[in-house]
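See below for the structure under consideration.
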Amino acid sequence: QVQLVESGGGLVQAGGDLRLSCAASGRTVSRYYMGWFRLAAGKEREFVSAVDWSGNSKYYARSVRGRFTISRDTAKNTVYLQMTNLTPEDTAVYYCAADNNYDPFDPWDYWGQGTQVTVSS
């Protein structure tokens with residue numbers, strides 16, 4: 001079993017920055033892919049970014065590439081999502097997820113409770 005706890009969401013003005021954190025616990029979590037998804041009101045869940053267990057392979061949705069950076073501290077079992085130049089279109093609940101495999105379209109095995117990010121114009 002894997003437990004994921006997100007933090008770092010909040011309200012920010014357009015153009016601002018936020019950093020989300022996801023603390024993971026559970027057996028073998030260090031070997032899992034870790035990712036971020038988001039769910040905006042009236043929209044389907046969207047893949048945002050993911051990182052492999054080593055932290056070396058990183059994946060981004062086209063909508064966030066160049067603005068968001070994912071990183072992983074394997075010693076702390078924590079993954080971060082640094083978000084810069086935020087726009088109102090980034091407003092959503094952001095969920096941390098973990099899985100043995102990377103697939104941005106299939107549901108992942110483990111999910112956090114989500115953290116709200118609101119970007120005002």
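As a basis for the values below, the full set of heavy atoms in this structure was taken, side chains included, without hydrogen atoms, waters or symmetry mates.
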If a pair satisfies side chain to side chain donor-acceptor pair (under 3.5 Å) and one of its residues is in [range], list it, with sequence neighbours excluded.
range	answer
residues 106-121	Glu6-Gln113, Gln116-Thr118
residues 74-86	none
residues 15-25	Gln3-Ser25

Does the side chain of [X] reach to within under 4.5 Å of the side chain of [Y], using non-hydrogen atoms?
X	Y	value
Arg67	Thr87	yes
Ser49	Arg38	no
Leu4	Met34	yes
Glu89	Ser63	no
Cys96	Val79	yes
Trp36	Leu20	yes

Please step through side chain to side chain contact (heavy atoms under 4.5 Å, CB included) for the pair Tyr102 and Tyr59, ending with a clear verdict.
CA-CA 9 Å; Tyr102 166 66; Tyr59 311 87; 3.4 Å; yes

Give a yes or no on whether the ring-centroid distance for Phe47 and Phe37 is below 6.0 angstrom.
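Phe47 vs Phe37: aromatic centres under 6.0 Å.
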
For the aromatic rings, using the six-membered ring if either is Trp, is the centroid distance between Phe68 and Tyr60 under 6.0 Å?
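Centroid separation for Phe68 and Tyr60: 6.0 Å or greater.
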
Does the pair Asp52/Lys58 count as a salt bridge with the N-to-O cut at 4.0 Å?
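Here Asp52 does not pair with Lys58 in a salt bridge, since their nearest N and O are not under 4.0 Å apart.
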
Check for me, please, whether [X] and [Y] land in the same ILVMFWY cluster - side-chain distances under 4.5 Å, paths through other members count.
X	Y	result
Val2	Tyr95	no
Val12	Met83	yes
Val119	Val48	yes
Tyr33	Val64	no

Distance-minimising heavy-atom pair for Trp53 and Arg72:
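Closest approach of Trp53 to Arg72, heavy atoms only: CA-NH1, 3.2 Å.
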
